[in-house]
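First up is the structure itself, then whatever we jot down about it.
Proteins come first, then strands; the chains are lettered A, B, ... in the order of their sequence lines, and each starts at number 1. Values below: every heavy atom of this structure, side chains too, minus hydrogens, waters and symmetry copies.
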2 protein chains.
Amino acid sequence: MSNKMFDLSKEIGSFVKMLPMSDQRVINDIRSFNRFYTAQLGLLQQHIFDSEYSLTEVRVLYEINFNRQTTATGIRDALQIDAGYLSRILRKLEKGGLILKHPLPEDGRSSYLSLSDRGRRLMTKMGTLSDDQLRVMMAHLTPAAQETVAGAMNDLRRLLSAPDGAATMDQITIRTELLPGDLGDIISLHGKLYMQEYRYDTRFERYVMETIQDFMVHYHPARDRVWLAVCSGRLVGVVAIQHRPAKQAQLRWFLISPDFRGIGLGKALMQQAMDFCREQKFKKVYLLTTDQQDTAAALYKRWGFIKKSSVPATLWGHELLEERYEREMQ
Amino acid sequence: MSNKMFDLSKEIGSFVKMLPMSDQRVINDIRSFNRFYTAQLGLLQQHIFDSEYSLTEVRVLYEINFNRQTTATGIRDALQIDAGYLSRILRKLEKGGLILKHPLPEDGRSSYLSLSDRGRRLMTKMGTLSDDQLRVMMAHLTPAAQETVAGAMNDLRRLLSAPDGAATMDQITIRTELLPGDLGDIISLHGKLYMQEYRYDTRFERYVMETIQDFMVHYHPARDRVWLAVCSGRLVGVVAIQHRPAKQAQLRWFLISPDFRGIGLGKALMQQAMDFCREQKFKKVYLLTTDQQDTAAALYKRWGFIKKSSVPATLWGHELLEERYEREMQ
DNA sequence: CCGATTAAGTTGCTTATGTCAAATAAAATG
DNA sequence: CATTTTATTTGACATAAGCAACTTAATCGG
């Protein structure tokens, strides 16, 4: 495949010096994975493509099927193959009656490409064939292990595809049903993140555990609610509303995993929480935080929360200001 | 590549009917991952191999480097390439001074293959080259995200390489230091597994949380201990010893993730726990369980625990027998 | 509008990659 | 010792892929 457009090797010289060399372990893991998965893909592909079409030809077919209304250039960019080679592949596929060319009215040089009925049939046939192979491959794994496989693959695709490894909202589901494991995951997420970001130790995690206890003891299915943001089986964001005496409510455990920030997840969670508070006709919503969580504070303010108090305290081994924010619900 | 030895397609007919068709989601995830990773590997490989040696030639070199003292047949089996093609590759590599052939004294047809100094140098050069590429690839990811990538890859390799997806002990590390996130993970693991295996609901998870609270309240660094079995960043097994009045101790949270059972992990954990109890000179160790955890019970018995009581109770919404096992420490 | 330039796709030519079948030669078998 | 099997090699061939020159259509700058 031609390779003019994306020459990493030129960037290496300038980039690599900025990178930590300490991560050799990660690099080794990736290398052995790549070697392993090269073989794995080889095994799979042999069987799909004992048809009269080659791997590359099938990849072209996939591309045409996937992107409706693409041109030769689109495919060339997507699959990074030589234009001349592609031209011949397209001619072969057209001769074989798998694809159709629709000349562009606005550009006499290009044609839209689409699958013919026959092409579509071939794709589905190959699809089911390869699905069957994958089923054989997965047959000896427990359902839980299969979930792990799918989750790991989704993680990799997400992290390696976006240039900055950012997730998008459509990879995340938000649910309110509290399933076994969720309580522990909320505690764990807090423990890990606050350690990463504020150097809090296990004492903080214990504190979170106590608040969860408290929440569950007073739990009222209608008046309390937790929103859990989950991406490929992992908890990546939380928020909860806990009812309090006198038509008040407390917002708790608002937290988003760093790799999922800046994509509107915080907004989505907060939106649902606030909507819930309105529905429940809480008069006032409050939350407790510290002066160290400044980015969170900014977000609270944006959502109409106002700092009502700020008292010095020693919490979890840190000297800080314990702050209380409130918001009146019209 | 030739493909006579491993023809999955023949197995498909007989196997596939036994498999659940419901897992189409998993299959789809795998398919899109494969498409994605094919491209990814393509990108990487282009750059490594703009040397005068092809992908396959380099794979052969890897194989020779990796398996010291292999023959042509060994490589042929490992990489599944045509014998004739391989013969030519080997000749080219030998001419290029990268490999050496050492005729076998006991078999005049074959030779052991090994890398020459020059070959070794090339391998390390390509190794560092490809490492640099991987560094560039990972540069824009946060360290946490990089960990996720490595973890996901290790999971995949482990699950897809062993025929039954079984882990081996060397992929697991057991530690006793209690880090932030661990408490939550222990709770979560219990919640998820007991739901999967005994249909316990969140009430059980809350109970576990309370026991963890209790443990932490009375925590004594010398006399209490937790063993955490971790595989690619995920908690897969636990056991703990909690000191009790009168030189007694309680064994708690003994649990192993299903995919990690039957590989000696339970034994390893129990061994460490019992060694600890002996060191601490506890007179008696006890544990509480129910009649439903029968496989665990068998293991307890094997480790010298004896059932001392069995009383009917309603716990976490289930009618069961609450059982107490004890073991005298000589 | 026109010549120059750029972009999309095609074609001829070449090399690299891989396969198949037959040949060779050493080892194992009976 | 004849026969079969195994490991490797060789020859002939086919496919896959890349490069460069070319055609045709669009665009751009005056």
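- With hydrogens and angles ignored, no donor-acceptor pair closer than 3.5 Å exists between the side chain of R109(B) and the base of dT8(D).
- Here the side chains of T56(A) and I89(A) are in contact, with some heavy-atom distance below 4.5 Å.
- Nearest to the side chain of Y85(B), among dC19(D), dT17(C), dT9(D), sits dT17(C).
- Between R234(A) and D155(A) there is a salt bridge, since at least one side-chain N of the basic residue sits less than 4.0 Å from a carboxylate O of the acidic one.
- Rounding to whole angstrom units, CG of residue D82(B) and C1' of dT10(D) are separated by 12 Å.
- R31(B) and Y62(A) form a side-chain donor-acceptor contact under 3.5 Å, judged by distance and modelled atom types alone.
- Rounded to an integer number of Å, the gap from CG of L86(B) to P of dT8(D) is 8 Å.
- Rounded to whole Å, atom P of dT24(D) lies 19 Å from atom CG of L104(A).
- Distances shorter than 4.0 Å separate none of the side-chain N or O atoms of S87(A) from OP1 or OP2 on dA8(C).
- Rounded to an integer number of Å, the gap from CD1 of I89(A) to P of dG9(C) is 14 Å.
- Position along DNA chain D of the nearest nucleotide to D107(A) versus G74(B) favours G74(B) as the more 5'-ward residue.
- An OP1 or OP2 oxygen of dT10(D) is reached within less than 4.0 angstrom by a side-chain nitrogen or oxygen of R91(B).
- Rounded to whole angstrom, the span from the CG atom of L90(B) across to the P atom of dT10(D) amounts to 12 Å.
- Note that the NZ atom of K101(B) and the OG atom of S114(B) stand 11.5 Å from one another [nearest 0.5 Å].
- A side chain to side chain contact (heavy atoms under 4.5 Å, CB included) with M123(B) is found for one member of M126(B), R120(B), K125(B) and no other, namely M126(B).
- Across the protein-nucleic acid pair, E57(B) atom CD and dT15(C) atom P stand 16 Å apart, rounded to whole Å.
- For the pair K92(B) and G84(B), both in contact range of DNA chain C, the more 5′-proximal nearest nucleotide belongs to K92(B).
- With rounding to whole Å, I81(B) atom CD1 is found 15 Å from dA7(D) atom P.
- Between dG9(C) and S111(A), no contact under 4.0 Å exists linking OP1 or OP2 to a side-chain N or O.
- Contact annotation for A72(B): backbone-only contact, meaning every heavy-atom pair under 4.0 Å involves sugar-phosphate atoms and none involves a base.
- Donor-acceptor pairing under 3.5 Å, judged by distance alone, is absent between the side chain of R88(A) and the base of dG9(C).
- The side chain of K101(A) contributes no N or O atom lying less than 4.0 Å from OP1 or OP2 of dA8(C).
- The side chain of T73(A) places an N or O atom within less than 4.0 Å of a non-bridging phosphate oxygen (OP1 or OP2) of dG9(C).
- Taking atom CD1 of I75(B) as the reference point, atom C1' of dA7(D) lies 13 Å away to the nearest angstrom.
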